[in-house]
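In what follows, a single structure is set out as structure tokens and then discussed.
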Amino acid sequence: FDSEIIGIDDEGMPVFDRAETSDLFALLFANLVSDGVLARPSNCFRIRAAGNGLNLERDPGFGMVKGHFCYDNEVGHLAIETPPQKYSRIDRVIMRCNYLERMVEILIKTGTEAANPVPPELVRPSAGDYFELCLAEITLEPKQTMITQSSIKDTRANSAVCGYITQLIDHLDTSVFFAQLDTFYNEFVAKSNISSARWRKKPMIT
């Protein structure tokens, strides 16, 4: 409900009786919708090769991370600064809720080159400074100079690391209510049958 001004502070700013931080709204949204990106349009925050060097493009989109949203209606640009030199490497394009900077940002998280590379671990604590989702994985070969679409693995649909936004209450468990209603119905029918049988047995008085 709306706040009301109940006073003025030392700097002349109004004091409200129901002033809240963004935590309240984040809690509300986090309990109504899941983390992820919109399924429609299908290119929501899609990561693709820019066609020039180690550059990527990010399509416009909308995403949610822990009740905080990220929105951009323009194409974004990302650059991988340095390719691996000896072994392959897997980088991630992440959507991060950055509590320190008070923003949801999309950036490249650089992996470690290795004979058998794995993508960098996502930061996903129950509480902390960051929480990360993965939009795409980029596999880089040693001294690679050009990113092609085949180097990009789209992970938006993978609910283990990202997923599509859905409503959390997607169904209601009505089994208990149905069982109670069914019991009531059966008892009502049984009592009705007994009453009907007794009524039929009564002698007719004329």
Gln149 CD: over 12 foreign heavy atoms closer than 6.0 Å: yes
Does the side chain of Ile106 reach to within under 4.5 Å of the side chain of Asp72, using non-hydrogen atoms? no
Cluster check Val161, Val104: I/L/V/M/F/W/Y, side chain < 4.5 angstrom: no
Roughly how far apart are Glu105 CD and Ile94 CD1, rounded to 0.5 Å? 7.0 Å
Nearest heavy-atom contact between Thr139 and Gln144 is O-OE1, 3.9 Å
Whether Lys109 side chain and Pro119 backbone form a donor-acceptor pair below 3.5 Å: no
Val65 and Cys70: CA distance, side-chain angles, deciding distance, side-chain contact (heavy atoms from CB on, under 4.5 Å) verdict: CA-CA 8 Å; Val65 188; Cys70 178; 6.0 Å; no
Where the side chain of Glu132 meets the backbone of Val123, is there a donor-acceptor pair that is under 3.5 Å apart? yes
Go through Ile138 and Ile108 one step at a time and tell me if the side-chain contact (heavy atoms from CB on, under 4.5 Å) criterion holds. CA-CA 9 Å; Ile138 317 298; Ile108 294 175; over 6 Å; no
Tell me which pairs pass salt bridge (Lys or Arg N to Asp or Glu O under 4.0 Å) where either residue lies in residues 39-52, with sequence neighbours left out. Arg46-Asp59, Arg48-Glu57, Arg48-Asp59
Do Tyr71 and Leu38 belong together in a cluster built from hydrophobic side chains that touch within less than 4.5 Å? yes
Check whether Thr166 reaches the backbone of Ser34 with its side chain - one donor and one acceptor, N or O, closer than 3.5 Å. no
Could you give the distance from CD (Glu141) to OG (Ser151), rounded to the nearest 0.5 Å? 7.5 Å
Mark yes or no for whether Thr155, through its side chain, and Leu135, through its backbone, hold a donor-acceptor pair below 3.5 Å. yes
Asp91 side chain to Gly111 backbone, donor-acceptor under 3.5 Å: yes
Flag side-chain contact, heavy atom, 4.5 Å: Pro60 against Glu74: no
Enumerate the residue pairs fulfilling ring pair (Phe, Tyr, Trp, His ring centres under 6.0 Å) with a member in residues 110-146, sequence neighbours excluded, ordered by first and then second residue. none
Would Leu78 end up clustered with Leu133 when hydrophobic side chains under 4.5 Å apart are linked, directly or stepwise? yes
Salt bridge (Lys or Arg N to Asp or Glu O under 4.0 Å) against Glu137, all qualifying residues, sequence neighbours excluded: Arg92
Compare all side-chain heavy atoms of Leu140 with those of Pro84 and state whether any distance is below 4.5 angstrom. yes
Heavy-atom check, side chain of Met95 versus side chain of Val37, under 4.5 Å: yes
NZ/Lys153: more than 12 non-hydrogen atoms of other groups inside 6.0 Å: no
Hydrophobic clustering (ILVMFWY, side-chain heavy atoms < 4.5 Å, transitive) - are Ile80 and Ile47 grouped together? yes
Could you check whether any side-chain N or O of Glu113 sits under 3.5 Å from a backbone N or O of Gln85, counting only pairs where one atom can act as donor and the other as acceptor? yes
Do Val93 and Cys134 have side chains that approach each other closer than 4.5 Å (heavy atoms only, starting at C-beta)? no
Linking I/L/V/M/F/W/Y whenever their side-chain heavy atoms sit closer than 4.5 Å, directly or via other members, would Ile147 and Phe45 fall into one cluster? yes
